[in-house]
Amino acid sequence: IFLLTGLIRLLTLRANTHLSSRIGTDISKQCFTSFLSLNYLEHKEQLSADLNTTFAFRITRTVSSFGQLLQIATSSVICIFIIAGLLLVDYKICLISTGLFAFTYVLLVVVNKPIVSSNGKLISHNQKKSFRILSAANTQYKNIVLESSQDRYLSNYMSYDFPIRRLIANNQFLSKYPKSIIETLLMICLALGAAYLTVSTKETNHSTFALLWTFAVGAQRLIPSFQQIYTSLSIIQGYKSDLISLSSLVTKAKPLRRKTARNFINLKSIVLSDLSYRYPDQPEFTLTTINATIKPGSKVAIIGKTGSGKSTLIDMIMGFLPPTGGELIVNNCDIYNPDHFNLKNDWMYSITHLSQKGFLFDGTILENITLESQSQVDWKRLESALKNTCIYSFIQSLPDRYQFLLSENGGNISGGQAQRILLARTLYRDSPIIILDEPTSALDKATEQEVLFNISSNFIPYIQIIPPM
């Protein structure tokens with residue numbers, strides 16, 4: 001029996017770990033698919049802290065819960081084999097001792113279930129709050145230093161972090177302490193069993209002690225399995241809120257509707273016909289009856305005061321916001337008509353958008369501009385983009401040139417250099433439609449004029465929509 005249980009544990013451990021990893025991969029894929037399938041308004045409402053919490057904690061906990069279910073199944077099988085063997089030795093002692101162990105664990109599960117579940121909810125809530133503080137501190141770093149508000153941020157962070165650690169410790173204790181109780185009960189049961197056998201049987205003391213030794217060894221194997229089942233149930237209960245949250249996210253996932261192959265559009269005309277937009281739950285229209293015709297090769301500036309709807313109009317033009325009224329007609333077809341999905345797909349693929357919050361990732365300059373492996377780089381197109389954005393000389397002056405490592409968001413170069421690298425990325429893509437949102441705000445006047453002149457002179461067959469300040 002003991003050899004069999006050991007073999008079962010070894011085989012199931014390997015099977016469980018591999019199955020859990022496959023389940024984790026699938027869940028992670030489903031969650032990211034759900035995120036990518038959000039419409040634009042849903043995406044705008046998605047908090048980055050919530051997204052980070054989901055991928056940093058909830059997925060891991062959910063995968064762990066599936067692993068715990070497998071552990072329960074494995075431990076249950078082992079328990080059945082051990083109990084079956086002990087029944088053959090002495091069914092009375094086996095039924096009494098096993099029943100007592102099982103009753104104790106069931107009682108502890110019932111008593112501790114609401115506590116563990118409540119702790120799990122609080123842990124999930126506090127982790128979400130602490131992530132929001134970390135995100136705010138990262139974006140507001142300069143102001144925090146200038147205002148000497150480090151203590152306030154630290155205090156706010158610790159007000160959530162300390163309860164997290166305490167609640168985790170409480171759940172860990174609740175999942176482990178029964179073993180000590182059960183082991184104490186085992187010693188009591190063995191003593192009672194010895195007394196019972198001595199009084200009720202005529203067997204020799206050697207037989208009595210052999211019987212007790214058998215049950216002691218069996219219990220030594222049985223208790224860890226009972227404890228594993230209890231611990232797994234406690235862990236699953238503690239992660240219940242994460243399971244519910246993640247299952248809701250996964251069930252919302254929509255298929256990523258896209259063409260396998262996408263192509264730059266052969267642009268002939270763009271017509272904005274009576275475009276209007278009103279955000280959900282807003283009484284007033286942000287835009288009303290916008291009409292315009294844009295021809296290939298033209299430059300268009302969208303001008304307006306703050307809150308006048310410039311960004312909303314750009315979002316509609318890019319295909320993110322279906323208009324409340326009117327049509328966006330590209331090549332004589334309304335791209336928001338469901339029958340023209342492929343046209344809309346090509347239209348969106350044909351646009352390169354440089355927002356005010358363009359992002360540089362932790363990688364080389366070459367990787368940040370081309371977003372390609374070095375073997376795929378079009379060096380002629382790259383050099384053209386760099387020269388037109390007045391960043392070529394700066395890159396050539398660097399020791400590693402194109403292999404110079406940028407820190408996240410370009411923290412090791414100036415704001416103007418970072419903005420020109422982002423502009424070079426936009427031009428390198430060589431798309432027929434370029435949308436630039438204050439692309440030269442970090443540049444000095446002379447450099448700004450030179451860059452805009454280069455773009456205007458060398459990218460004639462492009463539409464540039466530039467919302468100025």
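In what follows, residues are counted from 1 in the order of the sequence shown.
Using cut-offs of 30° and 60° for the angle between ring planes, the His125 and Tyr160 rings count as perpendicular.
The structure places NZ of Lys387 at 14.5 Å from CG of Leu427, a figure rounded to the nearest 0.5 Å. Atom CD1 in Ile115 sits 11.5 Å away from atom CD in Gln237 (nearest 0.5 Å). In this structure, the separation between CZ on Arg420 and CD1 on Ile413 is 9.0 Å, given to the nearest 0.5 Å. Taking CG of Asp400 as the start and CG of Leu366 as the end, the distance is 12.0 Å to the nearest 0.5 Å. Residue Asn170 holds its CG atom at 11.0 Å from CG of Asn112, rounded to the nearest 0.5 Å. Interatomic distance, CG of Leu436 versus NE2 of His353, reported as 8.0 Å (0.5 Å rounding).
Within the 3.5 Å criterion, the main-chain N or O of Lys179 finds a donor-acceptor partner in the side chain of Gln227. Between the side chain of Ser155 and the main chain of Arg152, no donor-acceptor pair closer than 3.5 Å is present. Between the side chain of Ser350 and the backbone N or O of Ile265, at least one donor-acceptor pair lies under 3.5 Å. For Ser124 (side chain) and Gly120 (main-chain N/O), no donor-acceptor pair under 3.5 Å exists by modelled atom type. Looking only at distances, no side-chain donor or acceptor of Ser232 sits under 3.5 Å from a matching main-chain atom of Ile229. With Asn412 contributing its side chain and Leu405 its backbone, the two residues share a donor-acceptor pair below 3.5 Å. Side chain of Asn171 to backbone of Asn119: no donor-acceptor contact under 3.5 angstrom is found. No donor-acceptor pair closer than 3.5 Å links the side chain of Ser117 to the backbone N or O of Pro114. In this structure a side-chain-to-backbone donor-acceptor pair under 3.5 Å is missing from Gln417 to Phe394.
Side-chain atoms of Ile369 and Tyr402, non-hydrogen and from C-beta on, never get closer than 4.5 Å to each other.
For the residue pair Ser384/Asn388, the side-chain donor-acceptor check at 3.5 Å is satisfied.
Here the closest heavy-atom approach between residue Asn368 and residue Leu360 is recorded as OD1-CA, 3.4 Å. In this structure, Arg61 and Tyr239 approach most closely via the heavy-atom pair O-CD1, 3.3 Å. The two residues Ile302 and Ile314 come nearest to each other via the heavy atoms CD1-CG1, 3.9 Å. Nearest heavy atoms, Ile235 versus Ser64: CG2-OG, 4.2 Å.
Residue Asn332 qualifies as open at atom CG: its count of foreign heavy atoms under 6.0 Å is 12 or below. Atom CD of Gln376 sits in a crowded spot, with more than 12 heavy atoms from other residues, nucleotides or ligands closer than 6.0 Å. Counting non-hydrogen atoms of other residues, nucleotides and ligands closer than 6.0 Å to CZ of Arg22 gives a total of 12 or fewer.
A search for ring pair (Phe, Tyr, Trp, His ring centres under 6.0 Å) contacts involving Tyr428 returns nothing, not counting sequence neighbours.
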After noting the C-alpha distance and the side-chain angles of Phe341 and Trp347, does the key distance pass the ring-ring contact (aromatic ring centres under 6.0 Å, His included) rule? CA-CA 10 Å; Phe341 168 74; Trp347 165 252; over 10 Å; no
Can I get a per-line list of side-chain donor-acceptor pairs under 3.5 Å for residues 268-280, giving both atom names and the distance, sequence neighbours left out?
| from | atom 1 | to | atom 2 | distance (Å) |
| --- | --- | --- | --- | --- |
| Asp274 | OD1 | Asn291 | ND2 | 3.1 |
| Ser276 | OG | Thr289 | N | 3.0 |
| Tyr279 | OH | Thr312 | OG1 | 2.8 |

